[in-house]
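I have placed the structure first, in the form of structure tokens, so that the comments after it can refer back to it.
Proteins come first, then strands; the chains are lettered A, B, ... in the order of their sequence lines, and each starts at number 1.
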2 protein chains.
Amino acid sequence: MRLSRQDILAGALDLLDEVGADNLTMRRLATALGVTNGATYWHFASKQVLLAAMAESMLAGVTNGLDRDAPWWEQLTATAHRLHAALKSRRDGARIFAGAFFPEPNALAYGETMIGILREAGMSPRDAVWTVDTITYYVVGHTIEEQAAAGLAEDDVPDLRAALDPELHPNTLAAIDDIPAPHPPEHFDHGLELIISGLRTRLGVEVVSNGG
Amino acid sequence: MRLSRQDILAGALDLLDEVGADNLTMRRLATALGVTNGATYWHFASKQVLLAAMAESMLAGVTNGLDRDAPWWEQLTATAHRLHAALKSRRDGARIFAGAFFPEPNALAYGETMIGILREAGMSPRDAVWTVDTITYYVVGHTIEEQAAAGLAEDDVPDLRAALDPELHPNTLAAIDDIPAPHPPEHFDHGLELIISGLRTRLGVEVVSNGG
DNA sequence: ACCTGAACACCGTTCAAGT
DNA sequence: ACCTGAACACCGTTCAAGT
């Protein structure tokens, strides 16, 4: 059974969708590919390296089709949405992404595009990188939680309501119906808009208050 | 060798500082406590449960000493800094925290306090929870990266500069000296201020632009 | 009540040997 | 060049049996 790097990568991504990050093992992968344990190690030096390749592969096309003539905040929003979609393209994709460092083409293109948008908007290189970090942390953090919630069995959800005390936690109780899982799409947009409206204020673009 | 839950928890936190999250195993913990493999399972049902207890323990005091008469944005900033410090109190603390769900007193107090600050500032319950999520994702995401960078050996850092192409990545290259590890404290503050200035705009507080 | 000892069902990784 | 087979050094978890 002759394997290519591509075969292994594709098999690993399919296996991820099937079993989730916790059950993605090199041994199950080998079995799924019809090969013995050590075989994948000829193509990928370690599980870490394979995970990085999986993350890079999920990012394919994150920067394609961006309208570079649109206002910078729209470009930023669009690219953040693309990253969100890329991470959601595979089960537990955000967790795989978060655990990996990989100066590979797709990841570099994402960073380059984001930094470029902010520099064109007038930011210093330093502020641009740090701002990209802030946005990326938000997107990744949100997506990890979204996917973690999606992967939990009904009974595994700890009972928040039962743990709350009306004396100690009145505000949490008032908001309990809005404490997801599952996360509605507006939840993601809410946080993203918050960050981007902060940026617009900083960069001196007039922002109309919408009253929270 | 008679153990209490507290002994095991303290031992686990010390072992975490010593060996890091990747090497924190139930077997090493048992050995460190001078006990055989199965012993800890009488006190904690599983590793997950122990990790949640560790996370809860790191959060001790996150809401203490908050000046409830200060402006809401200062209270929010102070509490976010407290969370940051709590996660940094132990090696890889942010990763332990991120992987756990735990409706326990300290975690509930954190959420309750944050939601309360925002509701007093005039937010709806829904917007308050979602905003707390945004801030928390940022703090946790940032701290995970900080601690991951701190834990990497010199040679394990992938060479970003070498991977960059001046044609393809001019903006990334322009900013390369500001792409940490190690993260300076201003990096954390930069993102937090960004989010909070977005909030002030939304809530109709006058914000003076500082020009990015 | 709390721990030991031993087992069960796994892991990631390596590497001589085969083809 | 690429894979097999077998091993090495681990895991988390369970549970009868001991005290």
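- Put simply, the side chain of B:Arg126 does not reach to within 4.5 Å of the side chain of A:Asp177, judged on heavy atoms.
- Whole-Å rounding puts the B:Arg5 CZ to C:dA1 C1' distance at 16 Å.
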| request: Can you check each nucleotide of nucleotides 13-19 of chain C against protein heavy atoms at under 4.0 Å and return B for base, S for sugar-phosphate only, - for none, in 5' to 3' order? | output: BB-----
Let me check something: any side-chain donor-acceptor pairs from residues 15-24 of chain B under 3.5 Å, sequence neighbours excluded? List them with distances.
from    : atom 1 : to      : atom 2 : distance (Å)
B:Asp17 : OD1    : B:Arg91 : N      : 2.8
B:Asp17 : OD2    : B:Arg90 : NH1    : 3.0
B:Asp22 : OD1    : B:Arg95 : NH2    : 2.7
B:Asn23 : ND2    : B:Val19 : O      : 3.1

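- When rounded to the nearest whole Å, the span between CG of A:Asp22 and P of C:dG12 equals 12 Å.
- The shortest distance between the side-chain N/O atoms of B:Thr25 and the OP1/OP2 oxygens of D:dC11 is below 4.0 Å.
- Looking at B:Asp178 and B:His187, their side chains never bring a donor and an acceptor atom within 3.5 Å of each other.
- Here the side chain of B:Gln75 pairs no donor or acceptor atom with the backbone of B:Leu66 at under 3.5 angstrom.
- Looking at B:Glu56 and B:Asn106, their side chains do bring a donor and an acceptor atom within 3.5 Å of each other.
- Nucleotide C:dC2 holds its P atom 4 Å from the CH2 atom of B:Trp42, rounded to whole Å.
- In DNA chain D, stems built from 3 or more consecutive Watson-Crick or G-U wobble pairs, each with both distances under 3.5 Å, span C:4-8 with D:12-16, C:12-16 with D:4-8.
- For the 3.5 Å distance criterion, the side chains of B:Ser4 and B:Asp7 qualify, holding a donor opposite an acceptor.
- Between A:His43 and the phosphate of D:dA1, there is no side-chain N or O to OP1/OP2 separation shorter than 4.0 Å.
- Across the protein-nucleic acid pair, A:Phe44 atom CZ and D:dC2 atom P stand 13 Å apart, rounded to whole Å.
- Between A:Tyr137 and B:Tyr138, the ring planes lie tilted relative to each other; the angle falls in the 30° to 60° range.
- Computed from coordinates, the A:Asn23 CG to C:dA9 P distance equals 17 Å when rounded to whole Å.
- With a 6.0 Å radius and a threshold of 12 heavy atoms from other residues, nucleotides or ligands, B:Glu186 has its CD atom above the threshold.
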